[in-house]
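Lettering of chains follows the sequences in order, A, B, ..., and the numbering in each one begins at 1.
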Number of protein chains: 2
Amino acid sequence: MPLRAADQIMHKAAWLYYSHGLRQDEVAQKLEISRASVAMYLRRARETGIVNITTSTELFTDDVLARELEDATGLKAVWIVPEDRQAMDPAAEMPVVAASVFLELINKGDRVGVAWGRTVYHIADVMPFADLRGVTVVQLCGNLGAPYSYRPDQCTTEIARRLNAEGINFYAPLVLSSERLAEELRGEPVIREQLDTIADCHLALYSVGGIEDDSHLVKCGALSAAEMHRLGEEGAAGVIAGQLIDHDGQWLNCAHNRRCISADLESMRAIRKRMMVVQEEAKFEPLVAALKGGFASHLIVTTSMARRVLERWGREGLGRIPSTD
Amino acid sequence: MPLRAADQIMHKAAWLYYSHGLRQDEVAQKLEISRASVAMYLRRARETGIVNITTSTELFTDDVLARELEDATGLKAVWIVPEDRQAMDPAAEMPVVAASVFLELINKGDRVGVAWGRTVYHIADVMPFADLRGVTVVQLCGNLGAPYSYRPDQCTTEIARRLNAEGINFYAPLVLSSERLAEELRGEPVIREQLDTIADCHLALYSVGGIEDDSHLVKCGALSAAEMHRLGEEGAAGVIAGQLIDHDGQWLNCAHNRRCISADLESMRAIRKRMMVVQEEAKFEPLVAALKGGFASHLIVTTSMARRVLERWGREGLGRIPSTD
DNA sequence: GGAAGGGTTTGACTTTTGTCACAGCGCATG
DNA sequence: CATGCGCTGTGACAAAAGTCAAACCCTTCC
């Protein structure tokens, strides 16, 4: 579809300003509009992704700790978000770093999977605008109404919107009340199809969930605190795309998992770039489980978390994690 | 290699300013330096490619003429540089468009070939700075000392420098005085090797040369005006990477070509994205020859040139050009 | 040891940009 | 055909960014 007249002017203004380096008043003169309008168009061009400003994330990979962690675990790349007071607050910094890394890892025409959770939503929230037509953003797990606004489909949609990419949502609930129904629904062509395309993703963005009483699954009502507690005793260590994994990162054969409609964990592992972002210190054990399970190839963590993982790897003599490459 | 202290500060400043949207004085305060220093670091960050600002080239593809030309010729994409007085001077605009398109077409890890000529040099001259480590820029043709400063190796080097990419130069002259010597030199392992990698390029950037008396090859002294004139009578229609092609875009079996050390034309055609940029109106016939020869998959031309090509294609009932895809 | 030379850093000043309240204009709607 | 609504455009002012000469390091070299 051809450009609308106003979009045409916006493109021209952006082009003259950013590519030719004219001043706003020169642009205004050339386009015969006021300088204020030029400023307005330029803002809009930035917010539409017509103009793209990206910053290298090298600052966060440039760290001996990152190198050590990569060497010890076999992760492809590690970004370390520092916690000293010279830096930004890590809670605010982590999503920004993650969003930048995400953009760095996307290639033209890629299919990317986006999972769910507070972390992912925060990343969506600071995702820069870009013009990535040709990219497809797919939702990795079923939907779950949340009391606050972090529904899986919202994460996908928001990211797709900002990237100007196509968003493909998953129109099924995350958990059903019976295994039979879940099984049947999984077999439905429209759902089946989407589940099947997940392994074709070039990049996945997710976090790992904890299994405490205040974990996301509990808060959203998918599981009661008591159930979660019991699952912990049965060996659950963390949550990946709504499903419980054990301490070795394997799918846990439990009622909840069997009733769950979400990316099958084998498909997730098959994705070449698995970008895992972990914010809270409390997610240490879940993270270790996820790493053992091979759910990450690219990792973004705080300094202290990186230290703890490195220490654990050394202490337990854990080797390099399985890689799909 | 870890970052130098000053680079670290530059990265931090760029990060806070561009990724977090702090003001320069806030950045200055955070980093405990003066605002003037922040401004200085930011400029440097832009000039180093740590910060990347790109503008969509959609403005130039959004044109019915571009669509028609793509459909008629089978070119993958066409960018049209307008000539109305509302726009910039096409002579200044074309290289800027070309540079942007070039950046748009490069992917991480690509090997890109760069040919030679005034046009290419102008493109290098306005190429934005970027941080494309992992990209390799290779020179597509042998060297030729020019009275002015457009030597093939300089084009390659300058582009590589701006992109922070690796530049691979070609240490051989473009034309030798005897066929025997050219043949022997082509057989030298170091040259052979470079010639062999050309077909592995993912992207090539070039223009097509004319065969008039004031053509580049003549001006640089590779051929005399008289020789060029004679070659024209023998069927030469244009110049690709220093070599003459006939009206169908085929390699011309002439003494000059046999004495030439440059990318073999089959290799050039094997490159998936062949980006051709043509500025001068006088290059119409050479362009048609180059198109027939399949030397372009992506084309950047002025409005009037696009019209002429389209008209010719229609008049002669020429089909879609051969494509390597 | 001291001078020269490279790069940083800064304060003070100028230029450029962002913003906002309000004016205009087209278009659908009652 | 008036009314109102959403969008685009503007002038004037405030805020932010760019610039430059001069000061200030270090390091090197005589």
Could you check whether B:R46 and B:Y18, counting side-chain N and O atoms only, form a donor-acceptor pair closer than 3.5 Å? yes

Can you find a side-chain donor-acceptor pair between B:T57 and B:S100 that sits under 3.5 Å? no

In B/S/- notation, 5' to 3', how is nucleotides 9-20 of chain D contacted by protein heavy atoms closer than 4.0 Å? SBB----SBBB-

Should B:E166 and B:R161 count as an ion pair when the cut-off is N to O under 4.0 Å? no

Angle between the end axes of the helix from C:dG1-D:dC30 to C:dG30-D:dC1, five pairs per end, to the nearest 10 degrees? 20°

Would you mind reading off the distance between A:E26 atom CD and C:dT15 atom C1', rounded to a whole angstrom? 12 Å

Does B:D71 reach the main-chain N or O of B:E68 with its side chain, forming a donor-acceptor pair under 3.5 Å? no

For B:A66 and B:T61, which heavy atoms make the closest approach, and how far apart are they? CB-O, 3.9 Å

When you check the side-chain N and O atoms of B:N164 and B:T48, is any donor under 3.5 Å from an acceptor? no

Side-chain donor-acceptor contact under 3.5 Å, A:E26 with A:H20: no

Does a side chain donor of either B:S207 or B:Q279 reach within less than 3.5 Å of an acceptor in the other side chain? no

